[in-house]
Amino acid sequence: MKRILQILLFVVSTSAFSQEQFNIELTAPLFEKDSLFLAPPPTSRNIISLYSLTLNENNKNVKSIGNSKGALIKILPQNNISGIVPCPLPMMIMSSKEDRKGFYLSELFFIENGNLKVQVSDKNLTLVLPPDATINNDYKKLKKYLQQVDEKLKPFEKNDPADLETKEKLLKAYIRKNPGSYPAFWEIIDVFSKYGFHKSYLTDLPLFSKKIKASSCFKDFEKIMYLENSTNVGGNFPEIDFGSEGKITKEVFSNYKITMIDYWSTSCKPCIQELPELVKLYEKYKDKGVNFISVADEKTQQRIDLATKIFQENNVSWKNYFDTTKEFTKKLNAGGYPLFIVVDQNGKILSKELGGQETLETVIEQHLK
């Protein structure tokens with residue numbers, strides 16, 4: 001019995017230490033009687049699930065938003081936001097623009113274990129943090145270290161592979177010297193979100209400390225990385241079951257030299273705007289052994305009808321499936337649109353590009369040869 005109690009105490013204690021109790025003392029005198037948002041930074045590739053915080057019920061004038069991904073704060077002279085996060089978490093302060101059509105964003109800061117005083121000093125959301133905020137100081141140190149290469153990179157766009165390689169090498173060196181750095185761990189997540197997957201991430205993750213590896217943030221991201229690796233270039237395209245609409249199987253690919261799969265949504269303006277160009281590409285290559293398939297991230301009948309109408313208006317004649325079961329999203333870690341996946345006749349993934357329509361013809365030509 002004593003042994004069982006010891007095991008139970010160990011489980012309870014490790015569970016308790018795996019959570020970060022936080023309290024943010026927020027002052028924003030220029031926003032009193034207005035609202036601010038505490039929210040994750042812009043993300044893609046399904047990593048939004050990593051940003052999770054549980055608010056205490058006694059938070060005055062504070063409400064959860066976005067399935068516990070952030071908080072809406074009705075600003076008082078003094079505001080306390082307390083709760084639990086699975087690990088130190090990077091967040092931003094946001095305020096609505098005057099026309100209510102967008103948001104102003106603060107710089108990133110980390111929710112740390114314990115009490116953190118945050119002051120919003122002006123309408124531009126400039127943040128003032130205490131000098132003893134350990135993890136936030138580490139973040140400033142890391143960003144200064146990466147500043148030169150970061151200035152060359154454009155988020156969510158095509159970048160010079162050499163610049164991305166330089167950033168990866170610098171980040172790896174930083175992790176080796178600072179294995180307990182949560183900002184370095186989240187920097188890998190941020191790089192993956194903004195610039196895509198690189199196999200080096202799988203060799204970077206083991207360099208972190210045991211404490212970081214024990215966190216649910218690390219374990220959840222590691223799962224995303226292994227899934228991304230298995231369904232990236234060189235991996236096999238998984239079988240996708242769309243229910244009554246049919247399946248994508250290896251047999252679908254076997255009749256063509258290559259198959260181009262387009263993942264899109266009716267809420268994605270670039271997907272719709274670039275559809276006529278995609279139709280031209282189809283007309284050019286349909287008789288050269290190239291198959292086109294589209295998968296729409298829609299599940300409501302209203303959206304399905306809209307997608308069908310958009311395809312009819314653009315004279316799309318290839319097969320379009322609807323990912324009502326979210327099986328495509330889950331199996332391919334599809335976290336953004338448009339996503340283009342090129343597959344050979346054996347079901348091997350040749351290319352996987354988020355927003356890469358401008359290079360799609362080059363990819364097709366390369367693999368037809």
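The model shown is predicted, which means the values in this text are computed figures rather than measured ones.
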J.: If you take all heavy atoms of Val252 and Ile248, which pair is closest and at what distance?
T.: CG2-CA, 4.2 Å
J.: Rounded to the nearest 0.5 Å, what separation is found between the OH atom of Tyr337 and the SG atom of Cys271?
T.: 8.0 Å
J.: For the CG atom of Leu171 and the CZ atom of Arg176, what is their distance to the nearest 0.5 Å?
T.: 11.5 Å
J.: Could you point out which residue of Asn56, Asn113, Asn115 forms a side chain to side chain donor-acceptor pair (under 3.5 Å) with Asn23?
T.: Asn115
J.: When hydrophobic residues are tied together by side-chain contacts of less than 4.5 Å, even through go-betweens, does Leu72 share a cluster with Val118?
T.: yes
J.: Please list, chain by chain and in numerical order, all residues satisfying side-chain hydrogen bond (donor to acceptor under 3.5 Å, both in side chains) with Tyr282, sequence neighbours excluded.
T.: none
J.: Checking the side chain of Ser215 only, and the main-chain atoms of Cys87 only, is there a donor and an acceptor separated by less than 3.5 Å?
T.: no
J.: How far apart are the closest heavy atoms of Ala296 and Asn320, and which atoms are they?
T.: N-OD1, 3.7 Å
J.: Strictly distance-based, threshold 3.5 Å: is any side-chain N or O of Gln78 a donor or acceptor partner for the main-chain N or O of Thr27?
T.: no
J.: Quick one: closest heavy-atom pair of Lys167 and Val191, and the distance?
T.: CE-CG2, 3.5 Å
J.: Does Glu239 pair with Lys331 as a salt bridge, N-O distance under 4.0 Å?
T.: no
J.: Salt bridge check, Glu222 against Lys213: does any charged N sit closer than 4.0 Å to a carboxylate O?
T.: no
J.: Are more than 12 heavy atoms, taken from residues, nucleotides or ligands other than Lys286, located less than 6.0 Å from that residue's NZ atom?
T.: yes
J.: Give the C-alpha distance, both sets of side-chain angles, the deciding distance and a yes or no for salt bridge (Lys or Arg N to Asp or Glu O under 4.0 Å) between Arg303 and Asp297.
T.: CA-CA 9 Å; Arg303 287 289 181 172; Asp297 183 24; over 6 Å; no
J.: When you measure from the side chain of Asp138 to the backbone of Lys141, do you find a donor-acceptor pair of N or O atoms at a distance under 3.5 Å?
T.: no
J.: Is any side-chain N of the basic residue among Lys74 and Asp34 closer than 4.0 Å to the acidic one's carboxylate O?
T.: no
J.: Should we count NZ of Lys319 as having more than 12 external heavy atoms under 6.0 Å?
T.: yes
J.: Would you call the rings of Phe208 and Phe218 parallel, tilted or perpendicular, taking 30° and 60° as the class edges?
T.: perpendicular
J.: Same cluster or not: are Ile81 and Leu108 linked, directly or through other Ile, Leu, Val, Met, Phe, Trp or Tyr residues, by side-chain heavy atoms under 4.5 angstrom apart?
T.: yes
J.: Check whether Tyr195 forms a cation-pi arrangement with Lys154 (NZ or CZ under 6.0 Å from the six-membered ring centre, at most 45° off the ring normal).
T.: no
J.: Tell me whether Val343 shares a hydrophobic cluster with Tyr256, the cluster being built from Ile, Leu, Val, Met, Phe, Trp, Tyr side chains joined at under 4.5 Å.
T.: no
J.: Over 60° means perpendicular and under 30° means parallel, so tell me whether Phe185 and Tyr182 are parallel, tilted or perpendicular.
T.: perpendicular
J.: Are Phe221 and Trp186, when compared by the centres of their aromatic rings, separated by less than 6.0 Å?
T.: no
J.: Can a donor-acceptor pair be found, under 3.5 Å and without considering hydrogens, that links the side chain of Asp241 to the backbone of Gly243?
T.: yes
J.: Would you say Glu165 has more than 12 foreign heavy atoms packed within less than 6.0 Å of its CD?
T.: yes
J.: Does the gap between the ring centers of Trp264 and Phe311 come in under 6.0 Å?
T.: yes
J.: Considering residues, nucleotides and ligands other than Lys257, do more than 12 of their heavy atoms fall under 6.0 Å from its NZ?
T.: no
J.: Verify the cluster assignment for Ile310 and Trp318: are they in a single hydrophobic cluster under the rule of side-chain heavy atoms below 4.5 Å apart?
T.: yes
J.: Does Ile304 sit in a hydrophobic cluster with other residues, and if so which ones, taking ILVMFWY side chains as linked at heavy-atom separations under 4.5 Å, directly or through other members?
T.: Phe322
J.: Main chain of Leu170, side chain of Tyr145: is a donor-acceptor contact present, judged purely on distance under 3.5 Å?
T.: yes
J.: Counting only N and O atoms by type, is there a donor-acceptor contact under 3.5 Å from the side chain of Asn346 to the main-chain atoms of Ser254?
T.: no
J.: Between NZ of Lys219 and CD1 of Ile212, what distance do you get to the nearest 0.5 Å?
T.: 13.5 Å
J.: Donor-acceptor pair, Asn178 side chain versus Tyr174 backbone, under 3.5 Å?
T.: yes
J.: Decide, yes or no, whether a salt bridge links Lys280 with Glu283 under the criterion of side-chain N to carboxylate O below 4.0 Å.
T.: no
J.: Please round to the nearest 0.5 Å and tell me the distance separating atom OG of Ser82 and atom CZ of Phe22.
T.: 6.5 Å
J.: Hydrophobic cluster membership, with links at side-chain heavy-atom distances under 4.5 Å among I/L/V/M/F/W/Y: are Phe103 and Leu36 in one?
T.: yes
J.: Do you know which two heavy atoms are closest between Pro338 and Asp262, and how far apart they sit?
T.: CB-OD1, 4.2 Å
J.: Taking atom NZ of Lys143 as the centre, report whether more than 12 heavy atoms of other residues, nucleotides or ligands fall under 6.0 Å from it.
T.: yes
J.: Has Lys169 got more than 12 heavy atoms of other residues, nucleotides or ligands less than 6.0 Å from its NZ?
T.: no
J.: Using atom types as modelled and distance alone, determine if a side-chain donor or acceptor of Lys352 lies under 3.5 Å from a backbone N or O of Leu332.
T.: yes
J.: Charged N to carboxylate O below 4.0 Å: is that the case for Lys309 and Asp305?
T.: no
J.: Short question: side chain of Ser193, backbone of Ser44 - any donor-acceptor pair under 3.5 Å?
T.: yes
J.: For the residue pair Ile349 and Phe237, what are the closest heavy atoms and their distance?
T.: CG1-N, 3.9 Å
J.: Locate the shortest heavy-atom distance separating Phe253 from Gly347; write the atom from each residue and the value.
T.: CD1-CA, 3.7 Å
J.: Within a reach of under 6.0 Å around CD of Glu57, are more than 12 heavy atoms found that belong to other residues, nucleotides or ligands?
T.: no
